[in-house]
Protein chains: 2
Amino acid sequence: MPRELAHPDIEAVTLAKVLSALGDPVRLHVMSIIADGNEHTRKDFDVRLAQSTFSHHIKVLRDAGLLLQRMEGTRCYVSLRDEARDRFAAVLDSVLAADRAERAK
Amino acid sequence: MPRELAHPDIEAVTLAKVLSALGDPVRLHVMSIIADGNEHTRKDFDVRLAQSTFSHHIKVLRDAGLLLQRMEGTRCYVSLRDEARDRFAAVLDSVLAADRAERAK
DNA sequence: CACATTAATCGATAATCGACGATGTTCGAA
DNA sequence: TTCGAACATCGTCGATTATCGATTAATGTG
């Protein structure tokens, strides 16, 4: 596979795109994990989906500019994309807080 | 048509549903208009879509618990739903602010 | 080198979504 | 009472999305 994954220009990302990407339970879960700013591998997300399906969700977040994906050997590390945090700080913070609140219920 | 439109129980609304509903330019525009807390009629939203398509978007927002729809005679008034504002205050505020910022660009 | 691991991508399928025109209902006006 | 305006809903369409299994690529490991 291409060792370089395509990440969109953050300026080209629209708010609607971001919200649409966040509007899915699986992807919200991924965001809640990478919200700590660290890199994570697949094992950190225990979703019971086919591997290819999970890859798809990661790609949606990546295409929305929210997630940074780095390949190292056969491993894949994902983390919150800094430019996204800068550009959508308030939205991401409030969404992640609401997600925690909902999960805690 | 039924003079009473169905509005979901606000407790049954999930964050993912809300974000998914907000993840569309037309619906973001509607939200930005009703954010003032007042009631609005169709003429306040100048979208160049078929009437039925606009109705569809209104219904999506209504089903996400975000919008209150009141019929009076042949007119339809829509406004921000108070329970949604209470439950998702931070998310709505940040999203609407980001929308304004994006539009102002 | 052969083989297992990790994960993107491809191809298929089913479900959902955005858009539209047509229809039906309610109401106000002539 | 008949007409028109306003708007929800229905049926349909093409496009997108979610899911999966299979394939492929890269890299470890025996």
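Chain letters run A, B, ... following the sequence lines, proteins first and then strands; every chain starts at 1. This is a predicted model, so every value here is computed, not measured.
Of the candidates D:dA6, C:dT6, C:dT9, the closest approach to any side-chain atom of A:Ser55 belongs to C:dT9. Between D:dG21, D:dA18, C:dC20, one nucleotide has an atom nearer to the side chain of A:Ser52 than all others, and that is D:dG21. Checked against D:dT9, C:dG21, C:dG18, the side chain of B:Lys59 finds its nearest nucleotide in D:dT9. Of all nucleotides listed (C:dT9, D:dT9, D:dT19), D:dT19 comes nearest to the side chain of A:His57. Comparing C:dA7, D:dC7, C:dC20 by their nearest atom to the side chain of A:Met71 picks out C:dA7. The B:Thr74 side chain lies nearest to D:dA6 when the options are C:dG18, D:dA6, D:dC20. Among D:dA6, D:dA18, C:dA7, the nucleotide with an atom closest to any side-chain atom of B:Arg75 is D:dA6.
Taking atom CD on B:Glu4 and atom P on D:dC7, their separation rounds to 17 Å, with Å as the unit. What separates NE2 of A:His29 from P of D:dA18 is a distance of 17 Å, to the nearest Å. At whole-Å resolution of the value, CG in B:Leu67 and P in D:dC7 are 13 Å apart. If you measure from atom CZ of B:Arg70 to atom P of C:dT26, you get 18 Å, rounded to the nearest angstrom. Nucleotide D:dC7 holds its P atom 13 Å from the CD atom of B:Glu39, rounded to whole Å. Atom NE2 in B:His56 sits roughly 17 Å away from atom C1' in C:dA22 (whole-Å rounding). Atom CG in B:Leu61 sits roughly 14 Å away from atom C1' in C:dC17 (whole-Å rounding). At whole-Å resolution of the value, CZ in A:Phe45 and P in C:dA7 are 10 Å apart.
Mapping A:Lys17 and A:Phe54 onto DNA chain D by nearest heavy atom places A:Lys17 at the nucleotide closer to the 5' end.
Side-chain contact check for B:His29 versus B:Arg103: some heavy-atom pair is nearer than 4.5 Å.
A:Arg70 places no side-chain N or O within donor-acceptor distance of the main-chain N or O of A:Tyr77, the cut-off being under 3.5 Å. Here the side chain of B:Ser94 pairs a donor or acceptor atom with the backbone of B:Ala90 at under 3.5 angstrom. Within the 3.5 Å criterion, the main-chain N or O of B:Leu15 finds a donor-acceptor partner in the side chain of A:Glu102.
If you check every strand for non-hydrogen atoms under 4.0 Å, A:Ile58 touches nothing. Residue-level contact check: A:Gln69 touches the backbone only, with heavy atoms under 4.0 Å from sugar-phosphate atoms and none from bases. Among the atoms of the strands shown, only primed sugar atoms or phosphate atoms (P, OP1, OP2) are found under 4.0 Å from some heavy atom of B:Arg62.
Nearest heavy-atom pair across B:Ser79 and B:Asn38 is CB-O, 3.6 Å.
In this structure, B:Thr53 does not reach the C:dG18 phosphate: none of its side-chain N or O atoms is under 4.0 Å from OP1 or OP2. In this model, the phosphate group of C:dA8 is approached by a side-chain N or O of A:Arg42 to a distance below 4.0 Å at OP1 or OP2.
Looking at A:Val60, A:Val30, A:Leu92 one by one, the single match for side-chain contact (heavy atoms from CB on, under 4.5 Å) with A:Leu22 turns out to be A:Leu92.
At a cut-off of 3.5 angstrom, counting only N and O atoms as typed in the model, there is a donor on one side and an acceptor on the other between the side-chain of B:Gln51 and the base of D:dA8.
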